[in-house]
Amino acid sequence: MLHFTVISIFPHMFDSALGGSILKRAQEKNLIRIDTVDLRDYASDRHRTTDDTPYGGGQGMVMKPEPLVSAIEHARQHAPRARVILLSPRGSVFTQSTVRRVAQEESLVLICGRYEGVDERVSAFVDEEISIGDYTLSGGEPAALVVIDAVARLLPGVLGNENSAAEESFSEGLLEYPQYTRPENYRGMKVPEVLLSGDHQRIKAWRAEQSLQLTRERRPDLLAASPMATEQIRSSDSRAPVYLALLHHPVYDKNGAIVTTAVTNMDIHDIARAGRTYGVRRFFVVTPVKPLQKLALKIINHWEFGYGSDYNPTRKEALALARICDTLDDGIISIEQETRRKPLIVATSARHSEHRTSFVAVKEMLHRETRPFLILFGTGWGLTEATLSQADYVLEPIEGRTEFNHLSVRSAAAIVLDRLLG
Ligand code: 4FV
């Protein structure tokens with residue numbers, strides 16, 4: 001049973017909120033106990049004064065230390081192991097992980113400030129300060145209610161079925177998936193077919209994907225902190241491993257002749273880092289020219305094993321994706337060895353032609369498919385028609401807002417990755 005003691009000059013503000021629904025039932029089931037304490041009972045003067053003017057001048061009033069500290073000490077006498085929390089905008093921002101932490105306590109004393117706040121010396125008698133958000137309330141009471149509500153619903157037996165808390169937003173650090181109920185068709189807006197399928201595996205996967213997608217769109221800041229997100233992103237990517245290949249031969253020169261271009265430090269760097277960012281499995285640097293292979297290896301080893309790897313470990317992670325191979329086929333063979341599957345070849349080209357596949361279509365395939373995908377990029381003036389014809393799909397050219405389409409292969413690679421895996 002978790003015991004809440006709320007210290008406030010407006011203790012009755014809690015009557016209605018605590019008198020309804022889940023919290024009322026939880027009190028009746030002795031899962032929680034909530035005592036509201038009138039701070040004025042701890043005032044020492046007959047006017048029951050709990051605030052005074054601020055030293056140093058300034059607007060408003062400040063809550064006096066004596067009544068607050070007496071109330072805190074009285075509460076500690078009754079609950080020696082209580083955790084005393086002051087609700088204030090200076091506190092650590094209240095999140096679901098804070099909720100999980102304080103829900104472990106057996107007793108919480110919540111102090112509700114008013115006016116401009118409480119005398120600074122009260123902090124010496126408080127265990128922690130919590131803020132429910134970066135805005136100013138007229139009093140700590142609403143914040144205390146938020147804490148009581150969020151904590152109580154995590155306690156076993158408070159919610160009808162335990163699992164519902166487990167599936168909520170933030171329970172796994174992600175935003176909750178879209179919810180639907182009857183009617184199936186509301187003003188032409190239909191419930192997603194998957195939810196009517198009865199296939200719980202598919203429903204679970206769809207909901208997880210939706211949570212991830214919504215969080216990516218609305219709260220990308222949450223992704224980094226959510227172990228589930230990281231796992232899901234990793235697992236979702238495991239459905240269709242993506243490989244990149246940068247071809248230095250055969251490619252066209254500006255006259256359309258088939259040539260071999262030089263490897264460049266920047267291409268290897270930037271495409272490796274973009275690849276790492278989007279969770280690509282491997283990045284093949286394709287050139288049959290031994291001296292250029294040696295140069296490429298020198299660049300990669302510098303960052304993966306050499307001075308670079310200490311100087312900047314993140315580069316190490318990225319460059320570790322790079323592999324040098326003579327030909328495209330070598331890359332394809334090593335993917336087949338690694339995945340036991342023949343990769344789907346997706347070529348890229350800045351040249352328009354009828355046989356092009358949209359980014360949306362390939363993105364959709366990436367979600368549906370489990371076969372590996374190999375995305376080809378060409379240096380120079382691009383991949384040859386022979387290579388394009390060898391591909392399963394050729395992506396539509398990247399179009400900006402002008403007719404100018406001479407992106408560097410590095411930029412093209414970053415844009416393609418973001419459109420397909422972003
Ligand atoms: C607040 C918050 C908050 C500040 C002055 C009440 C007000 C007065 N408490 N999270 N945000 N408190 O604005 O917890 O004391």
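Remember, it's 1-based here, ligands and their atoms both numbered in the order they're listed.
Residue pairs satisfying the salt bridge (Lys or Arg N to Asp or Glu O under 4.0 Å) criterion with at least one member in residues 83-92, sequence neighbours excluded, are listed as follows: Arg83-Glu128, Arg90-Glu120, Arg90-Glu129.
Using a 4.0 Å cut-off between a side-chain N of Lys or Arg and a carboxylate O of Asp or Glu, Glu184 and Lys190 do not qualify as a salt bridge. Ion pair Asp119/Arg121 flagged as a salt bridge, since at least one NZ, NE, NH1 or NH2 atom sits closer than 4.0 Å to an Asp/Glu carboxylate oxygen.
Under 4.0 Å from any atom of ligand 1, one finds heavy atoms of residues Leu87, Ser88, Pro89, Gly113, Arg114, Tyr115, Gly117, Ile130, Ser131, Ile132, Gly133, Tyr135, Thr136, Leu137, Gly139, Gly140, Ala143.
Side chains of Ser8 and Phe14 form a contact here, defined as non-hydrogen atoms less than 4.5 Å apart.
The CE atom of Met266 sits 7.0 Å away from the NE2 atom of His269 when rounded to the nearest 0.5 Å.
Other residues, nucleotides and ligands place no more than 12 heavy atoms under 6.0 Å from the CG atom of Asp134.
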